[in-house]
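Quick caveat: nothing in here was measured; it's all calculated off a predicted structure.
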Amino acid sequence: MLAICIVATGPYRVTQRSTGVDLLPTDEPLAPGHYDIRPYSRRDKIYVSEELCITRVLSKTITGRDDFFRARVRERDKKCVITGTVNPEVILDEWSGFEAAHIFPLSSEEHWIQQEYSECITNKVSMQDTGINSCQNGLLMLSNVHQKFDSYRFSINPDDGYKITCFDLDAFNIGGRTLDPICRESESEVGARDQLLRWHFRQAVLANMRGAGEPSFELDFPPGGDHKWTRTGQTDGSRALFKAEWDFRGPER
């Protein structure tokens, strides 16, 4: 996740300030505390990424083409693929409490086209179809889980065994679970595309760890010091906040 939040011109190390011990790469969440990020070479620099996350709104569907999207996602998943909750009324075609969520938001279709995400969709219905309403860009979720997904409170990392990471209080006990195989690209031609899940995960990291487009500290550091990062927040899974401060040590002699 750190590699999403910062840009480095060379290798760097992360040190826990209280112990002076360099941390090894890990997917486990860091405990609240103070951490120092330093390039191995003084010729290299570290910057905060200027990439902004895309603000999204709840992607409920209302048009005819969205009906097709919703039907295909329901047909494939038949349950909440996040919690594993099965819809017992599938046979009645009753879907109260279940919603088809867009991975890439429908409200940002122009950005979808500009960034050529339609290229990863393999089941477009026509030449004019952008693919944003393909079931390959959708997941079936419980309604309240859908709201959390759209606000980047949790996400799925396809490069870590489809593990679910919570960036806020884990109210649904989903942190550490994995995305149901029924909707994965590796399991089905109509499965959700890994490229889109990867996009959503990146957006969630930017929104929760870097901030929603607002850097939490100055980017222009003078020579002769270190970037000091502080992780604050609760250990119960609630949203982690990161701050940084400057420790000027003067030029090395």
Side-chain angles (χ1 to χ4, degrees), residues 1 3-4 25-29 53-54 56 58-61 66 69-88 90 95 97-106 108 112 117-123 131-209 237-240:
M1 296 185 191
I4 296 176
T26 177
D27 292 324
E28 297 300 319
C53 70
I54 294 179
R56 59 187 292 164
L58 188 62
S59 57
K60 290 184 177 179
T61 55
D66 303 334
F69 163 77
R70 186 163 45 241
R72 297 289 79 77
V73 172
R74 289 172 176 174
E75 180 182 14
R76 183 194 65 201
D77 296 346
K78 300 181 176 63
K79 59 183 172 182
C80 175
V81 296
I82 303 301
T83 65
T85 303
V86 176
N87 180 11
V90 170
W95 298 91
F98 291 83
E99 294 176 355
H102 285 84
I103 302 169
F104 193 103
L106 186 61
S108 298
W112 165 279
Y117 284 106
S118 62
E119 296 301 316
C120 72
I121 301 299
T122 62
N123 61 350
I132 199 168
N133 273 305
S134 164
C135 62
Q136 295 175 339
N137 183 39
L139 299 169
L140 191 66
M141 302 181 190
L142 293 171
S143 302
N144 48 1
V145 175
H146 180 191
Q147 294 174 22
K148 296 289 187 181
F149 183 77
D150 276 5
S151 58
Y152 300 124
R153 300 305 175 91
F154 75 89
S155 192
I156 302 132
N157 187 353
D159 301 315
D160 188 20
Y162 296 92
K163 186 171 73 175
I164 298 170
T165 298
C166 291
F167 296 92
D168 206 342
L169 183 66
D170 188 5
F172 304 109
N173 196 30
I174 58 176
R177 288 177 60 97
T178 57
L179 180 69
D180 196 289
I182 198 171
C183 63
R184 297 181 191 175
E185 176 180 348
S186 60
E187 301 295 327
S188 170
E189 169 60 26
V190 295
R193 302 291 93 175
D194 286 353
Q195 182 178 345
L196 301 177
L197 292 173
R198 194 172 292 116
W199 174 88
H200 185 276
F201 186 78
R202 185 179 189 89
Q203 298 301 305
V205 172
L206 290 171
N208 290 281
M209 296 180 66
S238 58
R239 183 175 300 183

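- With a 4.5 Å cut-off on side-chain heavy atoms, L140 and N87 do not count as touching.
- Remark: E75 pairs with R72 by the side chain to side chain donor-acceptor pair (under 3.5 Å) rule, at least two apart or across chains.
- No side-chain heavy atom of T178 sits less than 4.5 Å from a side-chain heavy atom of I164.
- Between H102 and F69, the gap from one ring centroid to the other is short of 6.0 Å.
- Tested against F154, the residues N208, I174, T165 include a single side-chain contact (heavy atoms from CB on, under 4.5 Å) partner, I174.
- Residue pairs meeting the salt bridge (charged side-chain N to carboxylate O under 4.0 Å, His left out) criterion with at least one partner in residues 186-200, sequence neighbours excluded, are D159-R198, E185-R193.
- A distance of 4.5 Å separates CD1 of I121 from OG of S134, quoted to the nearest 0.5 Å.
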Next item on the list: Determine, stepwise, if the pair Y162 / D180 fulfils side-chain contact (heavy atoms from CB on, under 4.5 Å).
Entry: CA-CA 9 Å; Y162 296 92; D180 196 289; over 6 Å; no
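- N123 has its side chain within reach of C135: a pair of non-hydrogen atoms, C-beta onward, lies under 4.5 Å apart.
- Within the 4.5 Å cutoff, the side chain of D66 has heavy atoms near those of the L106 side chain.
- Between F149 and M141 the shortest side-chain heavy-atom distance falls below 4.5 Å.
- S143 places a side-chain N or O within donor-acceptor distance of the main-chain N or O of G97, the cut-off being under 3.5 Å.
- T122 has its side chain within reach of Q136: a pair of non-hydrogen atoms, C-beta onward, lies under 4.5 Å apart.
- Looking only at side-chain heavy atoms (C-beta outward), C166 and R153 stay at 4.5 Å or farther from each other.
- With L139 as the fixed residue, the side-chain contact (heavy atoms from CB on, under 4.5 Å) test singles out one of V145, L196, L179: L179.
- Counting heavy atoms from C-beta outward, L142 and F98 have side chains that approach closer than 4.5 Å.
- Test Y117, F104, F167, Y152 against H200 for ring pair (Phe, Tyr, Trp, His ring centres under 6.0 Å) and you get one pass: Y152.
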